[in-house]
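Keep in mind it's a predicted model, so treat the numbers as computed, not measured. Chain letters run A, B, ... following the sequence lines, proteins first, then strands; residues in each count from 1.
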Protein chains: 2
Amino acid sequence: MYRMVQFIIPPAPKTAKARAGRPKDASKKAGIIRAASSLFMKDGFELTSMEAVAKKADVSKLTIYSHFANKEELFKAIIHQRCDQQAMPECFMALAHLPVEKALIDLGHRLTSLIFSPDSLRLQRVMQAEATRHPQIIKIFFEAGPKRVRVAFGELLAEWVRQGKLRVDDIPVATEQYFSLIKGEMHQKALMLLAPKPTARELNKHIRAAVTLFLSGYQVKAGRS
Amino acid sequence: MYRMVQFIIPPAPKTAKARAGRPKDASKKAGIIRAASSLFMKDGFELTSMEAVAKKADVSKLTIYSHFANKEELFKAIIHQRCDQQAMPECFMALAHLPVEKALIDLGHRLTSLIFSPDSLRLQRVMQAEATRHPQIIKIFFEAGPKRVRVAFGELLAEWVRQGKLRVDDIPVATEQYFSLIKGEMHQKALMLLAPKPTARELNKHIRAAVTLFLSGYQVKAGRS
DNA sequence: GTAATACTGTACTTTTTAGTACAGTAAATA
DNA sequence: TATTTACTGTACTAAAAAGTACAGTATTAC
């Protein structure tokens, strides 16, 4: 039964068919998305009202409903858009020929500045809050964001193993460990508003400690079997 | 102005003064707390209605309002109560004379079975969802739960350092690293309902890997300065 | 120019829920 | 027994928000 889906022809490809009459205003839609984005990120799904979105976008409420079927669809559109923004430039492999320690520290800085950015924290908070009510969205978010980064890191690790710089039995496990150490508990606290943004000094110390521990487990030392 | 608060005498210490008339029924209150607890943990603050609590506790809505001023107070009472339950038996020091590796693995199992328990996951989810609206409660939750456990673990590490089994420069950092590794990303996924409960085998492997990495960084090897 | 569609503003319906009013009953103290 | 307080059930108020109806204006394709 499921196989058949692959052969179904998409129902009427009415793309930019210019269907007679005044066309929709793309700038209106963009304005709605911008307004909704900031409100959803600030207040979450439940506490953001469509009226507030309309007001902030300087648009009639009915205009919103002409672009998005309902509140859920609007929310999904916002999350999709923000996930795309969050994607990291996949330039991990460029680090493959640096000294391992330096590369890991550099990466640590880039990752922390991403995940501690106000936007990322807000998105993460909203996702967690809505986890039970929007499980599909969470999945999209995870695949588009965290997962891609981890895959790229795994490939970098594999390259270093090939170069004989690291000794890693289980790459997925090591990847998870690196990210766990880099995130640490500061991230959890930042999510819960329990800690102010860490200072540059704190971050530096944190990242160095994480990389040191990671390398003590995986770096190839002179004179090993 | 604020200082004065410290000197204000508590307004009439009517403790168990038996203030004439029918006394409040403690079992009603307990029933309300029990019902509210399960509902708040399931649906969070906003989506739990007082009517639902009343119905589940088999009690009149007004009875709830006679025991708790409003919904927020009821919620706070629930969180307090659950925090107290979550506290781990502080028997960490009993592990001080076991072999370090065995102790860390044992501890890892206890910690994971705590934080992956349905109750803990639910509490954590509710806390995260309500973080922005109830910052004071979050603080209480953190001090009563996670923080106490970390302090106890830090003392255990210090004891091992004293015994010459470990070499740890910065105990808070090492503590954070241990907990980060033990929690890993599985916990995050479990919170977001992205992963089913990990199997015993997976947990075992995960904990072993975490402890191995931790010890490779902090265990004293024969023949070191 | 005409028909079709987009957009606006206002007002409305519907639903949900926190919190209250009230009238009555039950259980304790004095 | 009289009084005071706890509890119940029903019905209510008030507010908030999703979504719709409608009447009118603006903008485009044909």
With sequence neighbours excluded, tell me which residues meet side chain to side chain contact (heavy atoms under 4.5 Å, CB included) with B:R22.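 Once residues adjacent in sequence are excluded, B:R22 has no partner under the side chain to side chain contact (heavy atoms under 4.5 Å, CB included) criterion.
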Distance, nearest 0.5 Å, that separates CD1 of A:I182 from CZ of A:R110: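 Reported value, rounded in 0.5 Å steps: 12.5 Å.
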When rounded to the nearest 0.5 angstrom, what is the spacing between CZ in B:R150 and CG in B:L157?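 These two atoms lie 12.5 Å from each other.
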Between the side chains of A:K28 and A:T63, is a donor N or O closer than 3.5 angstrom to an acceptor N or O?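 Judged by distance alone, the side chains do not pair up.
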One would report the end-axis bend of the helix from C:dG1-D:dC30 to C:dA30-D:dT1, five pairs per end and rounded to 10 degrees, as 10°
A:K183 (side chain) donor-acceptor with A:L111 (main chain) under 3.5 angstrom: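 No, because the side chain of A:K183 does not come within donor-acceptor range (under 3.5 Å) of the backbone of A:L111.
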Taking ring-ring contact (aromatic ring centres under 6.0 Å, His included) as the cut-off, I'd like each qualifying pair that reaches into residues 51-71 of chain A, sequence neighbours left out, listed once. none
Quick one: does B:R22 reach the base of C:dA27 with a side-chain donor-acceptor pair under 3.5 Å? no
Kindly assign one of parallel, tilted or perpendicular to the pair A:F214 and A:Y178, based on the angle between their ring planes and the thresholds 30° and 60°. perpendicular
Give me the ring orientation class for B:F75 and B:H134: parallel if the planes are under 30° apart, tilted from 30 to 60°, perpendicular past 60°.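 Judged by the thresholds at 30° and 60°, the geometry between B:F75 and B:H134 is tilted.
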Scan residues 130-138 of chain A against DNA chain C and write down, sorted by residue number, each residue with any heavy atom closer than 4.0 Å; if none is found, say none. none
Which parts of residues 40-72 of chain B get close to DNA chain C, meaning a heavy atom less than 4.0 angstrom away? B:T48, B:S49, B:M50, B:K61, B:L62, B:Y65, B:N70, B:K71
Do any side-chain atoms of residues 135-146 of chain A form donor-acceptor pairs under 3.5 angstrom with protein atoms, and if so which ones, sequence neighbours left out?
none

Please say whether the positively charged group of A:K197, taken as NZ for Lys or CZ for Arg, lies over the ring of A:F116, i.e. under 6.0 angstrom from the six-membered ring centre and within 45 degrees of the axis. no
Length of the line joining [X]:[atom1] and [N]:[atom2], which is rounded to integer Å:
{"X": "B:D25", "N": "D:dT8", "atom1": "CG", "atom2": "C1'", "result": "13 Å"}
{"X": "B:K24", "N": "C:dA26", "atom1": "NZ", "atom2": "C1'", "result": "16 Å"}
{"X": "B:L74", "N": "C:dT17", "atom1": "CG", "atom2": "C1'", "result": "15 Å"}
{"X": "A:L39", "N": "D:dA17", "atom1": "CG", "atom2": "P", "result": "12 Å"}

Verdict with supporting geometry, B:D119 and B:S117, side chain to side chain donor-acceptor pair (under 3.5 Å): CA-CA 5 Å; B:D119 269 9; B:S117 73; over 6 Å; no
Within the structure, does a side-chain N or O atom of B:K28 lie under 4.0 Å from either OP1 or OP2 of D:dT8?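 Affirmative; the distance criterion is met.
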